[in-house]
Amino acid sequence: MQQQKYENVLVPVDGSKATEKVLNRAIEVARDNDAHLDILNILEVNQFNQTYGSAVSGDVVFKLTENTDDQLKKYQKKAEDAGVKSVDIHIRFGNPKPIIAREFPKDHNNDVIVIGSTGLSAVERLIIGSVTSYVTRTAKCDVLIVRPKDIVTPNK
């Protein structure tokens with residue numbers, strides 16, 4: 001059986017505990033395929049405005065963007081140090097679901113998305129739905145789901 005060859009790997013990162021493991025797997029996939037790696041973070045500015053009643057200033061958004069860019073540059077260096085030859089970092093604003101599943105891959109010709117299995121609590125998944133679940137259902141390219149080792153699946 002011939003293994004799938006990928007050329008453009010997308011890894012969305014959110015700074016959760018799973019980020020490091022997901023990033024490591026994306027680096028491995030990109031390096032093994034001699035592929036380009038896009039590291040993406042999505043800032044949901046509307047979430048802040050709804051939570052704080054439009055009290056979030058442009059300065060706060062700028063500082064958040066600056067801090068996110070600094071972290072993404074560290075991830076980029078890690079990927080390059082691990083042998084990935086082509087790495088770009090990106091920050092987008094908006095709803096992560098359509099951006100990760102369709103918009104970004106369409107704009108950047110990604111042929112695989114490496115994403116964590118969860119970043120939300122069970123209650124958050126129930127209320128707003130899982131980004132990973134949405135991406136898995138609607139993406140036009142392959143989706144590789146990285147599961148944290150500390151998640152134990154119950155016996156059926």
Side-chain angles (χ1 to χ4, degrees), residues 1-51 56 61 64-80 82 84-151 153:
M1 175 185 242
Q2 187 174 354
Q3 185 176 1
Q4 174 71 42
K5 178 83 170 146
Y6 297 113
E7 295 179 10
N8 293 298
V9 178
L10 168 60
V11 60
V13 295
D14 62 3
S16 68
K17 291 188 297 185
T19 293
E20 211 56 40
K21 182 170 181 165
V22 174
L23 179 65
N24 289 342
R25 184 67 176 111
I27 288 170
E28 184 181 302
V29 170
R31 187 185 55 228
D32 291 352
N33 286 272
D34 197 25
H36 173 79
L37 177 62
D38 287 306
I39 304 172
L40 171 67
N41 183 273
I42 300 165
L43 300 176
E44 293 183 82
V45 178
N46 290 342
Q47 177 184 349
F48 295 117
N49 287 335
Q50 291 169 1
T51 304
V56 177
V61 173
L64 179 63
T65 303
E66 193 174 53
N67 291 345
T68 301
D69 188 58
D70 289 344
Q71 186 60 48
L72 290 175
K73 286 177 181 170
K74 291 176 186 173
Y75 294 154
Q76 181 179 32
K77 180 169 177 14
K78 178 179 182 164
E80 291 168 346
V84 180
K85 295 175 187 157
S86 176
V87 184
D88 288 327
I89 57 173
H90 310 270
I91 299 174
R92 291 264 178 110
F93 295 89
N95 182 341
K97 290 177 180 180
I99 293 172
I100 295 168
R102 293 186 309 276
E103 295 168 18
F104 191 92
K106 181 180 176 191
D107 293 346
H108 295 270
N109 298 313
N110 298 105
D111 47 11
V112 65
I113 301 168
V114 179
I115 192 167
S117 62
T118 183
L120 302 174
S121 70
V123 173
E124 289 170 319
R125 280 192 305 275
L126 181 65
I127 295 169
I128 64 173
S130 165
V131 171
T132 301
S133 176
Y134 181 87
V135 169
T136 303
R137 286 191 322 271
T138 63
K140 300 291 186 208
C141 64
D142 288 353
V143 178
L144 174 67
I145 300 172
V146 179
R147 300 187 188 282
K149 286 187 192 267
D150 57 350
I151 293 178
T153 53

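Sequence positions, counted from 1, serve as the residue numbers for this chain. Predicted model only: the values in this text are computed from it and were never measured.
Each of L72, L10, V9 was evaluated against I39; a single residue qualifies, L72, per the side-chain contact (heavy atoms from CB on, under 4.5 Å) test.
Scanning for salt bridge (charged side-chain N to carboxylate O under 4.0 Å, His left out) contacts around D69 gives K73, with sequence neighbours left out.
Between I42 and F104, every side-chain heavy-atom pair lies at or beyond the 4.5 Å cut-off. Looking at T19 and S16, their side chains come closer than 4.5 Å, going by heavy atoms from C-beta outward. The shortest side-chain heavy-atom distance between I115 and V22 does not fall under the 4.5 Å cut-off. Residues D142 and Y6 meet the side-chain proximity criterion, which asks for heavy atoms closer than 4.5 Å.
T132 contributes a side-chain N or O that, together with a main-chain N or O of G116, makes up a donor-acceptor pair within less than 3.5 Å. Side chain of D111 to main chain of N8: a donor-acceptor pair is present (N/O by atom type, distance under 3.5 Å, no hydrogens or angles).
A distance below 6.0 Å separates the ring centres of H90 and H108.
Between the SG atom in C141 and the NZ atom in K106 there is a gap of 13.5 Å [rounded to 0.5 Å].
Counted within 6.0 Å of CD on E7, heavy atoms from surrounding residues, nucleotides or ligands total 12 or fewer; the atom is thus considered open.
Sorted by first and then second residue, the pairs that involve residues 25-34 and meet salt bridge (charged side-chain N to carboxylate O under 4.0 Å, His left out), not counting sequence neighbours, are R25-E28, D34-K85.
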